Amino acid sequence: MEYHFILRYLLDPADAAGGVDDILERLGEAGCLDALVGISAPGKIVLDFTRSATSLAQAIRIAVADVESAILTAVLHSTEVPDNREEEDIALMAKLALMESLMKELAAWIDENQLTYAGAAEKLGVKPARVYEITRMNPENITIDSLVDILLRAGKNVRFEIEAPAGPRYKLAALKTEMPQGLPRVADGDDMPAAGLETS
């Protein structure tokens, strides 16, 4: 799923004096090709991202890491998330969450075995570029089926469980303890009317 967000950075004077072309080249090499770059004022840079990820938090986290690997002295000044996204598809979000959990397992396996992208690709029967995208938690051009296949090649057992939806939840603030109109007052020790509950 694609997420839109804006990162604003303060630059070290040495980087700011290096020129726009140098900054753009470094950002491109670091994987920020999905960002529009603007130099708003001397010493300040704005990156307008549209990035594929399994969640907004994941997209921002990876983008920040990319920028800071390109410009080591850059200091994140602010993060802006425009409120212009369409209503989220619950089924799609659940699918993306599942994909993220599978990719985390693969990334952990690669880290535990101290493998390079090329080494992991050779063991898993995929291209290094695919391993790179998995470690970046990028769900674009990948399926749950392919992730399961790669995990099996890594010697992992994969099992899915289907759960029934959770039951209704109740808000404590919705408890109604007022006595209904028209009922006679009861003496101490008598049964009180039950409080009503509203489901959220």
Side-chain angles (χ1 to χ4, degrees), residues 1-7 9 21-38 45-72 74 76 79-82 84-163:
M1 187 169 183
E2 289 191 338
Y3 295 94
H4 178 211
F5 54 93
I6 298 170
L7 303 179
Y9 281 88
D21 290 341
D22 176 59
I23 291 175
L24 292 177
E25 183 177 352
R26 288 155 65 185
L27 288 170
E29 291 175 352
C32 297
L33 298 175
D34 53 351
L36 296 175
V37 182
I45 186 171
V46 179
L47 296 99
D48 191 334
F49 279 91
T50 300
R51 176 154 292 201
S52 296
T54 56
S55 68
L56 175 60
Q58 186 73 40
I60 293 175
R61 186 162 56 249
I62 295 174
V64 168
D66 287 346
V67 174
E68 293 180 357
S69 70
I71 310 173
L72 299 179
L76 183 61
T79 303
E80 179 183 343
V81 181
N84 60 1
R85 290 183 295 152
E86 297 179 357
E87 185 175 349
E88 293 179 339
D89 184 327
I90 295 176
L92 175 60
M93 297 308 294
K95 179 180 177 181
L96 289 173
L98 176 58
M99 293 177 71
E100 181 173 358
S101 67
L102 295 174
M103 287 190 281
K104 282 182 177 178
E105 285 292 333
L106 282 166
W109 176 82
I110 292 169
D111 186 57
E112 288 169 4
N113 289 276
Q114 300 180 342
L115 296 171
T116 62
Y117 294 137
E122 184 177 355
K123 287 180 176 294
L124 300 173
V126 298
K127 295 181 179 179
R130 175 51 53 88
V131 176
Y132 174 71
E133 291 301 324
I134 288 173
T135 59
R136 288 166 55 87
M137 304 297 160
N138 184 358
E140 194 171 5
N141 300 323
I142 196 166
T143 65
I144 290 176
D145 183 65
S146 62
L147 288 171
V148 170
D149 181 70
I150 295 171
L151 277 167
L152 292 174
R153 291 174 186 270
K156 298 284 187 177
N157 291 321
V158 182
R159 183 175 59 190
F160 292 97
E161 294 182 358
I162 299 176
E163 299 178 350

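None of these values were measured; they are calculated from a predicted model.
Summarising the geometry, atom CG belonging to Leu98 is positioned 4.5 Å from atom CD1 belonging to Ile144; distances are rounded to the nearest 0.5 Å. Thr143 OG1 to Met99 CE: the interatomic distance, rounded to the nearest 0.5 Å, is 7.0 Å. Separating the CD1 atom in Ile134 from the CG atom in Leu147 is a distance of 5.5 Å, to the nearest 0.5 Å. Atoms CZ and CE, from Arg136 and Met103 in turn, are 11.5 Å apart once rounded to the nearest 0.5 Å. Expressed to the nearest 0.5 Å, how far CD1 of Ile62 lies from SG of Cys32 amounts to 11.5 Å. Distance check, rounded to the nearest 0.5 Å: CD of Glu29 to CG of Leu24 gives 11.5 Å.
Closest approach of Leu7 to Ala63, counting heavy atoms only: CD1-CB, 4.1 Å. Among all heavy-atom pairs drawn from Ser52 and Glu2, the shortest one is OG-CG, 3.5 Å. Glu105 approaches Leu151 most closely through the heavy-atom pair CB-CD2, 3.9 Å. Asp66 approaches Gly31 most closely through the heavy-atom pair OD2-O, 4.0 Å. In plain terms, the two heavy atoms of Arg130 and Ile142 that are nearest each other are CD-CD1, 3.7 Å. In plain terms, the two heavy atoms of Pro128 and Ala118 that are nearest each other are CG-CA, 4.2 Å.
The shortest side-chain heavy-atom distance between Leu115 and Trp109 falls under the 4.5 Å cut-off. Counting only heavy atoms from C-beta outward, the side chains of Tyr9 and Glu68 approach each other to under 4.5 Å. For the pair Ile45/Leu27, a side-chain contact is recorded, criterion being any heavy-atom separation below 4.5 Å from C-beta on. Proximity of Asp48 to Ile6: side-chain heavy atoms (C-beta onward) are separated by under 4.5 Å at one or more points.
Heavy atoms from other residues, nucleotides or ligands lying under 6.0 Å from CD of Glu122 number 12 at most.
Listed by first then second residue, pairs satisfying ring pair (Phe, Tyr, Trp, His ring centres under 6.0 Å) with a partner in residues 124-153 read Tyr117-Tyr132, not counting sequence neighbours.
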Worksheet item: Would Arg51 and Phe5 count as a side-chain contact (heavy atoms from CB on, under 4.5 Å) if you check the C-alpha gap in whole Å, the side-chain angles of each, and the deciding distance to 0.1 Å?
Response: CA-CA 8 Å; Arg51 176 154 292 201; Phe5 54 93; 4.1 Å; yes
